[in-house]
Amino acid sequence: MIGKAGGSGRWRLEIDATACRGHGICALKSPDHVALDRWGFAHLEPVTIGDGADRRKAERAVGACPTGALRLEPLPPVPPRHTTTADTRTTQLSHGAAD
Amino acid sequence: MTVTFPMFGAAAPNAAAVAASGDPHGRLLAGPPAAAGWERIGSHLTRLGPLSRCSPDDLRAEITDACLLGRGGAGFPLGRKLEMAAGARGHPLVVVNGSEGEPASRKDQELLELRPHLVLDGAVAAAIAVGGDEIVIGAHRGRDAWDAVAAAIAERAADGIRCHMVDLPPTYLAGESSALVSFVNGGAPLPRSRGAPAALQGIAGRPTVLSNVETFAHLALIARLGPAWFCQAGSRDSPGSTLVTVNGDVRWPGKVLEVLRPVTIGELVEPFLPEGSRPRAVLVGGYAGTWVEWVDARSLPLDRGKLSEVGAPLGCGVLCVLGSQRCGLAETLRLLEWFAAGSAGQCGPCALGLPQLAAELNELVASRPDRRVRRRLNELASSIAGRGGCHFPDGAVHLVESALQTFGAEVSSHRSRRGCNLDHRAYFPLGAFRR
């Protein structure tokens, strides 16, 4: 999913709990986004990840997981307050991409 | 398409609100008495008539209008599941989930044992609704339910729909929908936390309408009698009748009853209490359910919507009664140990957390807690909840949290020097677990 941006510039880490083996490298690579629980398994902080350095850190955590348990998923954009026709179309398209 | 049968006539004000199997005013379990065994095709067709063949679109519209929710516990609207499967790519098929891994529940086994043709009709209707021609029935070989379904399939005229039976592993988790799909696909019967929902991509990658036995039994009647008839039972928010298994400290534990109108839990359970007994509490919704003190529970309406509102969802329809002389903490500990033994072992917080949670609760039940046991239980609970690939650990945590809330008096006596003088022996049924 990395690089196939939904165009929103907002991302979220997701974990496959059945795949996490508690290596803990993700928490070293990206401590703002991943914590380790009392047993050493990854526990995601409920944060939205923006583009830039933030996202690059999260990508390093994803890439470092030996079991491939982490994913970076694009979030749909925040609906604009004053919706124009063009805005609506963009929103629907990126919803499709996010799915 | 709506036909009125005399035995199904609109609920008269004085019509009984609860039916057991064989009661003529019941819906799912109406027909011959339980002692007669499974209902043969002749009796079934004489009683209900053949399944009318209508277009898939009309049938899906009727099911959506009936607002039938899945009866396996999650309560997903069947109409939406059918729309998803009908619109997905691939040739759809139908899976009847007859695993009923919840040890205190018996409603699905009873339906399969006594009314296999009704369940099969529901599966056929679902197949018609999504343009499929194949049904898989998951059950346990060696049980009466398996034999009844196998005999019923052999009895049915060729209606262009193929039926297969799959012998499911006797574990609780094998009945979880993604685990069941994985097993039928040749994999381990363990939950999968990734991938598309079964309705879009299930067995062999095909759209799969997987639902609980009771859901299909309702569907068989909706397909014949229509959504308006279906909604005459139940309440406005939760239409249709509902099957309930009454278990625990009652006469005839495991009794299955059909609730046609929202009676209170007291009205339903009281006839089954041993004479002069007054329960301590009821576990509503099965072992992943909610403890409710009897004084509160007896006036609660048996209505899915209302029970969810008060935080005690009916889930798979189990009501487990705890007698007044029994310790709810001790019973909860045993159920928690059952959960811990049944973990698939796939996710750390579940595999490691549930045994630890049980060990802490055991300290409390054994009346040797230090002052911080309550805090440790809460901290462990929050480390486990929401962290698994499926909801199995969440159910165990919810059970413990509701026990600590409901059995405040028992917690105090366990923490005091005099200890708890209630009966600590185990009463609730536990299925044999195999990992």
Side-chain angles (χ1 to χ4, degrees), chain A residues 1-4 6 11-49 58-59 61-76 92-99, chain B residues 84 87-89 173 176-179 181-183 187-197 199-201 340 343-360 372 375-397 435:
Chain A
M1 269 335 246
I2 297 175
K4 247 169 74 181
W11 305 77
R12 189 179 55 205
L13 276 175
E14 282 184 9
I15 188 167
D16 177 0
T18 63
C20 177
R21 288 289 168 273
H23 290 88
I25 308 168
C26 51
L28 294 174
K29 297 281 182 190
S30 193
D32 296 342
H33 308 130
V34 192
L36 297 182
D37 68 9
R38 59 173 70 214
W39 302 286
F41 291 93
H43 190 183
L44 303 182
E45 305 286 358
V47 288
T48 301
I49 296 164
E59 279 173 358
V62 171
C65 178
T67 59
L70 286 174
R71 278 174 304 171
L72 193 58
E73 289 285 332
L75 287 172
Q92 285 166 350
L93 281 176
S94 47
H95 267 296
D99 289 343
Chain B
M84 282 166 76
R89 200 179 308 178
L173 277 175
E176 198 270 344
S177 59
S178 68
V181 168
S182 160
F183 179 70
L190 301 175
R192 297 275 173 261
S193 63
R194 271 189 189 175
L200 298 179
Q201 214 175 6
S343 168
Q346 297 188 113
C347 308
C350 177
L352 301 175
L354 294 185
Q356 281 182 25
L357 193 65
E360 289 293 349
R372 285 186 291 274
R375 206 178 75 194
R376 286 203 307 273
L377 279 169
N378 289 339
E379 284 171 0
L380 263 172
S382 63
S383 302
I384 299 167
R387 303 281 315 287
C390 71
H391 294 299
F392 181 79
D394 305 350
V397 165
R435 193 47 86 72

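Below, chain A is the first sequence line, B the second, and so on; all start at residue 1.
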Report summary line: Applying a strict 4.5 Å limit to non-hydrogen atoms, the region of Gln356(B) in contact with chain A is side chain

Query - Side-chain touch Ser383(B)/Trp39(A), heavy atoms, less than 4.5 angstrom - result: yes

**Report entry** Partner chain A: residue of Arg387(B), Glu379(B), Gln346(B) with the largest heavy-atom pair count (under 4.5 Å)
**Finding:** Arg387(B)

Report task. Among Gly389(B), Gly353(B), Gly348(B), single out the residue with the greatest number of heavy-atom pairs under 4.5 Å to chain A. Result -> Gly348(B)

Query raised in the report: Do you know the tightest heavy-atom contact between Ala17(A) and Ser193(B)?
Result: N-OG, 4.2 Å

Report summary line: When every non-hydrogen atom of Thr18(A) is compared with those of Pro191(B), the smallest separation belongs to CG2-O, 4.3 Å

Query - Arg38(A) side-chain N/O to Pro349(B) backbone N/O, donor-acceptor pair under 3.5 Å - result: no

